[in-house]
Amino acid sequence: MKGFTLWFTGLPCSGKSTLARRVQEILLERGMNVELLDGDEVRQNLCKGLGYSKEDRDTNIRRIGYVCKLLSRNGAVAVAAAISPYREIREENRRAIAAYVEVYVKAPIEVLAKRDVKGMYKKALAGEITNFTGVSDPYEEPERPEILIESDKETVEDSTAKIIRTLEVMGLIPGAPAESEYSPEEEEKIKTRLKDLGYI
Ligand SMILES: Nc1ncnc2c1ncn2[C@@H]1O[C@H](COP(=O)(O)OP(=O)(O)OP(=O)(O)O)[C@@H](O)[C@H]1O
Ligand SMILES: [Mg+2]
């Protein structure tokens, strides 16, 4: 199989890490080589010392993109899960990586502030931390993501299935061993999206 990069972008708590881990598990079960680059972990090593200014955020995303490029050009699946708030840098990575699939994990800020997995929204809304994406720092929405996940309307399993099915239809991963259990309506939605983007 050819390698590719699956890039999750979205506001804090939208579900990037959750979905990236689930997709990784499924691809590993199918015998593929998969590496996950999660924003939180990467900031402890590859991007240690970088902060949350625009410049540092851009450097963070460029570095993750660079590693994804190296991995995916060598036949691995690189899965990135990072807020990646700026469109220009995401597009730069897209241009540098031969097979790049963007997943926009979307949900309204009110829902995300309620989830508040790490307690950061509370702090940001109270003004205790600055430069928090979605509250006091910008997030530029993707205009044409290959995959759109509305995580306030879908379960984790629904969203995971949509991602896997899209990768199958794009020919990036082999089909499931068993018959796809995807509903015909959802299947049609995935195909329409990929047709609009010119993939099929
Ligand atoms: N359809 C869905 N997809 C993903 N997560 C979902 C979905 N529905 C509900 N959730 C929940 O939303 C939360 C998302 O948390 P997660 O840590 O994955 O977010 P994140 O985007 O990685 O945030 P951060 O940018 O802070 O790392 C989890 O508690 C998850 O169970
Ligand atoms: Mg995360």
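Nothing fancy with the numbering, it's 1 onward along the sequence. One-based numbering, in listed order, for ligands and for the atoms of each.
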Task: Polar proximity ligand 1 side, Ile149 side, N/O cut 3.5 Å exclusive - done: no
Task: Protein residue, atom and distance nearest to atom 29 (O) of ligand 1, heavy-atom basis - done: Val117 CG2, 3.9 Å
Task: Whether Ser14 lies under 4.0 Å from ligand 1, heavy atom - done: yes
Task: Winner among Glu154, Lys16, Lys118, Glu150 once heavy atoms are compared against atom 27 (O) of ligand 1 - done: Lys118
Task: Cationic N near anionic O, under 4.0 Å, Lys162 to Asp158 - done: no
Task: Protein residue, atom and distance nearest to atom 5 (N) of ligand 1, heavy-atom basis - done: Gly15 CA, 3.5 Å
Task: Nearest non-hydrogen protein atom, atom 23 (O) of ligand 1 - done: Cys13 N, 2.8 Å
TODO: Could you tell me the residue and atom name of the protein heavy atom closest to atom 8 (N) of ligand 1, and the distance to it rounded to 0.1 Å?
DONE: Ser151 O, 3.3 Å
- [ ] May I ask you to identify the nearest protein heavy atom to atom 9 (C) of ligand 1, giving residue, atom name and distance to one decimal place in Å?
- [x] Arg115 NH2, 3.5 Å
Task: Exam field: side chain Arg62 to backbone Ile89, donor-acceptor pair closer than 3.5 Å - done: no
Open item on the list: I need the contact type for Met120 against ligand 1. Using non-hydrogen atoms and a strict under-4.0 Å cut-off, is it side chain, backbone, both or neither?
Closed with: neither
Open item on the list: Looking only at protein heavy atoms, which one is nearest to atom 31 (O) of ligand 1, and what is the separation?
Closed with: Val156 CG2, 4.2 Å
- [ ] Report the C-alpha separation of Arg165 and Glu168 in whole Å, then their side-chain angles, then the decisive distance to 0.1 Å, and conclude whether the salt bridge (Lys or Arg N to Asp or Glu O under 4.0 Å) test is met.
- [x] CA-CA 5 Å; Arg165 190 63 195 134; Glu168 288 170 353; 2.6 Å; yes
Task: Geometric cation-pi criterion, Lys54 with Tyr86: 6.0 Å, 45° - done: yes
Open item on the list: So that I can tick it off, tell me whether Glu92 and Arg95 are bridged by a salt bridge, with the cut-off set at under 4.0 angstrom between side-chain N and carboxylate O.
Closed with: no
TODO: Examine all N, O or S atoms of Thr18, backbone included, and report whether one is under 2.8 Å from the Mg ion (ligand 2).
DONE: no
TODO: Around atom 30 (C) of ligand 1, find the nearest protein heavy atom and jot down its residue, atom name and distance.
DONE: Thr18 OG1, 3.8 Å
- [ ] Would you mind checking if Glu25 and Arg22 are paired as a salt bridge, meaning a charged N to carboxylate O distance below 4.0 Å?
- [x] yes
Task: Side-chain donor/acceptor of Asp116 to backbone N/O of Tyr121, under 3.5 Å - done: yes
Open item on the list: Can you tell me which portion of Thr155 lies within the under-4.0 Å heavy-atom range of ligand 1? Options are side chain, backbone, both, or neither.
Closed with: backbone
- [ ] Return a yes/no value for Leu19: is any of its N or O atoms, backbone included, closer than 3.5 angstrom to an N or O of ligand 1?
- [x] no
- [ ] Answer yes or no: is there a donor N or O on one side and an acceptor on the other, between the side chain of Arg90 and the main chain of Ile61, under 3.5 Å?
- [x] no
